2 protein chains.
Amino acid sequence: MKRKVTLKQIAKELDVSISTVSKSLRNSLEISEDTRQKVQAFAKLYNYKPNNIALSLKNKKTKTICIIIPEIIHHFFATVISGVEHVANENGYNVLVCLSDESFDKEVINMEMLASGSIDGFIMSLSKETQQKKDFHHITEVINQGMPVVMFDRVTNEILCDKIIIDDVHAAHNATQFLIDKGLKKIALITTVDYVSVGKLRTDGYKKALKSNDIDINENLILKIEDTEDFDHYIEELLQNNDIEAIFAVNELFAVTALKIANKLGKNIPEDISIIGFTDGIISKYSTPSITTVSQNGIKMGGKAAKMLIDRLESEDEEEEQYKTEVIETELVERESTKN
Amino acid sequence: MKRKVTLKQIAKELDVSISTVSKSLRNSLEISEDTRQKVQAFAKLYNYKPNNIALSLKNKKTKTICIIIPEIIHHFFATVISGVEHVANENGYNVLVCLSDESFDKEVINMEMLASGSIDGFIMSLSKETQQKKDFHHITEVINQGMPVVMFDRVTNEILCDKIIIDDVHAAHNATQFLIDKGLKKIALITTVDYVSVGKLRTDGYKKALKSNDIDINENLILKIEDTEDFDHYIEELLQNNDIEAIFAVNELFAVTALKIANKLGKNIPEDISIIGFTDGIISKYSTPSITTVSQNGIKMGGKAAKMLIDRLESEDEEEEQYKTEVIETELVERESTKN
DNA sequence: TTGTGTTTCGAAAACGTTTTCGTGTTGAAA
DNA sequence: TTTCAACACGAAAACGTTTTCGAAACACAA
């Protein structure tokens with residue numbers, strides 16, 4: 001087991017100073033050709049690699065960014081990480097992943113912990129609890145310390161920083177309009193409770209579409225689901241008690257669950273009921289029938305977020321406080337769960 | 001924007017030495033009650049947090065572990081990360097995620113990069129390319145430097161280190177036996193090419209089960225799929241040209257694809273064909289019909305891997321070169337794609 | 001010989017900690 | 001008055017780098 005070799009050790013072996021070794025390795029002209037050769041050969045022989053931690057301390061840059069997400073099991077968040085990782089890697093950055101588990105406390109602890117030098121910046125999507133509490137002090141604090149933050153997907157207006165979002169209202173409006181255009185009127189909505197920002201926005205989009213087509217909003221057709229609860233029977237009730245022609249679900253899980261329950265109740269998809277989901281994950285793709293869905297490109301979001309963060313990190317000099325919010329295009333992916 | 005405060009600054013403000021500040025904050029009895037109070041109050045006021053990088057440099061510990069996986073989009077790997085992250089967090093460690101994209105080079109570059117001080121240890125699952133090349137020098141090198149490595153799932157016998165695996169042969173044997181016990185004999189296998197370690201092992205298990213039940217192995221019923229290719233038509237051929245009663249697929253994607261194609265060909269699942277998959281992901285769960293599957297608990301694997309790594313990190317003193325291989329139990333989760 | 005310039009290198013500071021060891025002050029015991 | 005311990009604190013080294021600045025050595029011209 002050969003331990004890592006340091007500048008000091010090389011210097012001692014070759015009987016020169018540490019500075020000489022350092023300069024030689026960086027090919028400084030200050031050092032004679034001869035010495036440089038000698039040092040470089042020796043360093044190569046012993047497989048010298050500069051210690052990253054020491055460099056970080058000196059440069060006050062860790063070349064590491066942290067992404068904080070509520071859950072990694074959700075396919076969407078996994079794709080975002082993938083996007084972040086690739087762009088980060090291309091630019092010489094590493095990615096630290098933190099899971100908040102939808103918990104405010106974990107989010108706070110992680111941020112405070114890492115803000116003390118460990119990383120150069122954050123990419124994050126708010127936990128449900130944080131959105132509910134509307135307590136963002138940990139984020140403002142980090143930003144005030146001069147550490148850049150990029151928020152994506154679950155964002156808040158109360159924080160000024162770079163953001164990457166999709167136009168949830170518009171996307172939901174489109175999806176609902178798509179159903180209406182097929183001649184469907186009794187469209188149910190399966191959504192989350194309002195404090196989840198994207199759930200609220202998608203609900204708004206749904207309502208907007210109905211209104212602009214002069215369809216009355218029937219609150220009985222709107223099912224708001226708490227995240228923690230077992231929601232199968234609510235959906236079952238919804239389907240049984242109403243003569244529904246279509247369902248718009250604000251996430252994949254709701255969509256596929258609705259599909260399964262509809263099946264169970266003897267309804268044919270899409271003949272009896274059309275279904276549109278949100279977030280183009282593998283469930284929608286491989287479900288039978290496959291589910292028409294609003295696709296939000298996680299890889300793209302992650303990539304853009306990483307790019308924004310890195311851009312800000314590398315131009316820190318010009319201190320441009322112009323925060324940008326970038327809107328990623330969504331796409332309606334038509335599959336088997338909606339009629340032609 | 002108030003920058004981070006350091007010991008030096010506090011020392012200067014209070015007109016004491018850096019040592020005094022440091023000791024006061026650590027509540028050393030060397031320092032008078034008075035001074036301690038004063039320093040602590042000041043530190044709290046200015047929200048002092050020790051710089052992690054400086055600590056890392058001093059302690060030669062980063063409290064960060066790295067997990068290298070081929071892909072994060074695969075649900076199984078995402079669950080592993082989840083397991084790793086939770087255990088790591090409980091023990092005060094952070095998790096750096098690297099994606100090899102199944103590429104040997106990326107794996108090598110990432111490892112070499114991070115081995116220079118950035119992290120304390122690795123958890124990894126080999127990329128396909130690495131398994132194919134059988135070149136593991138980057139891993140032995142890291143281990144020789146004294147950095148612990150824990151391998152999981154896709155491992156190799158050529159490296160001596162801690163490992164977390166499932167008994168792929170046994171699990172595949174069980175699954176196949178399960179089908180046989182239902183009275184099914186014409187059992188097709190959809191697997192990967194042999195250099196993927198787990199694919200090979202699962203194939204072995206399948207064959208073993210057939211043999212022990214005196215069923216001839218029909219190579220026409222064994223489909224080996226290259227990862228990169230578009231494999232739908234191969235499966236279609238397999239199903240068309242043979243009178244198949246059951247399918248055992250070595251991963252979820254193969255299983256659900258087979259299911260969809262069987263459906264397309266007018267076969268009923270499970271009446272005409274029973275299907276068992278491997279890896280209990282969301283696809284199997286939400287597919288219609290849902291797919292019976294061999295469940296490998298990724299969260300558990302990740303958690304165990306993290307535990308093993310951290311244990312080794314924290315007992316480095318006693319230098320026990322006893323490498324362990326832990327086998328995680330699999331479970332056959334019965335769903336709708338197999339007959340009762 | 002003196003002055004000037006160039007080449008080559010090393011000392012030391014800096015990044016932010018922790019910790020060892022030394023030292024000055026105080027109080028009490030002899 | 002002297003001696004010794006206890007107390008309170010600071011200097012400095014250490015972790016591994018990079019970089020600034022100074023200086024030695026040498027060459028060459030005047």
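In what follows, every chain begins at residue 1, and chains take the letters A, B, ... in the order their sequences are listed. Small disclaimer: the values here were computed from a predicted structure and weren't measured.
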Keeping [X] on the side-chain end and [Y] on the backbone end, is there a donor-acceptor pair under 3.5 Å?
X: B:S125; Y: B:F152; value: yes
X: A:E158; Y: A:F136; value: no
X: B:D120; Y: B:K63; value: yes
X: B:T64; Y: B:T62; value: yes
X: B:S24; Y: B:T20; value: yes
X: A:E71; Y: A:E102; value: no
X: A:K163; Y: A:T156; value: yes
X: A:E107; Y: A:T130; value: no
X: A:E112; Y: A:H138; value: no
X: A:Q131; Y: A:S197; value: yes

Worksheet item: What are the residues of residues 6-23 of chain B, sorted by number, that bring a heavy atom to within less than 4.0 Å of DNA chain D?
Response: B:V16, B:S17, B:S19, B:T20, B:K23

Worksheet item: By a strict heavy-atom criterion of less than 4.0 Å, which residues belonging to residues 34-50 of chain A are in contact with DNA chain D?
Response: A:Y48, A:K49, A:P50

Worksheet item: Of all nucleotides in DNA chain D with an atom under 4.0 Å from a non-hydrogen atom of chain A, which is the first and which the last going 5' to 3'?
Response: D:dC15 to D:dC21

Decide, yes or no, whether a salt bridge links [X] with [Y] under the criterion of side-chain N to carboxylate O below 4.0 Å.
X: A:E141; Y: B:K4; answer: no
X: B:D311; Y: B:K307; answer: yes
X: B:K106; Y: B:D101; answer: yes
X: B:K38; Y: B:E33; answer: no

Item to complete: Check every strand shown and say whether B:L55 touches a base, only sugar-phosphate, or nothing at a heavy-atom separation below 4.0 Å.
Response: sugar-phosphate

Worksheet item: Using a cut-off of 4.0 Å on non-hydrogen atoms, how would the nucleic acid contact of A:K60 be classed: base, sugar-phosphate, or nothing?
Response: sugar-phosphate

Discussion item. Quick check: on DNA chain D, is the nucleotide nearest A:V5 upstream (toward 5') of the one nearest A:E30, or the reverse? Name the residue that is more 5'.
Written reply: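 Result of the comparison: A:V5.
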
Worksheet item: How large an angle, rounded to 10°, do the end axes of the helix from C:dT1-D:dA30 to C:dA30-D:dT1 enclose when each is built from five base pairs?
Response: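 Comparing the axis at each end, I get an angle of 90°.
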
Please tabulate the protein-to-nucleotide N/O contacts below 3.5 Å involving nucleotides 25-27 of chain C, giving atom names and distances.
none

Hey, can you pull the donor-acceptor pairs under 3.5 Å for the side chains in residues 51-58 of chain B, sequence neighbours left out?
from  : atom 1 : to     : atom 2 : distance (Å)
B:N51 : OD1    : B:I53  : N      : 2.7
B:N51 : OD1    : B:A54  : N      : 3.0
B:N52 : ND2    : A:M113 : O      : 3.0
B:N52 : ND2    : A:S116 : O      : 3.3
B:N52 : ND2    : A:S118 : OG     : 2.7
B:S56 : OG     : B:N52  : O      : 3.0
B:S56 : OG     : B:K61  : O      : 3.4

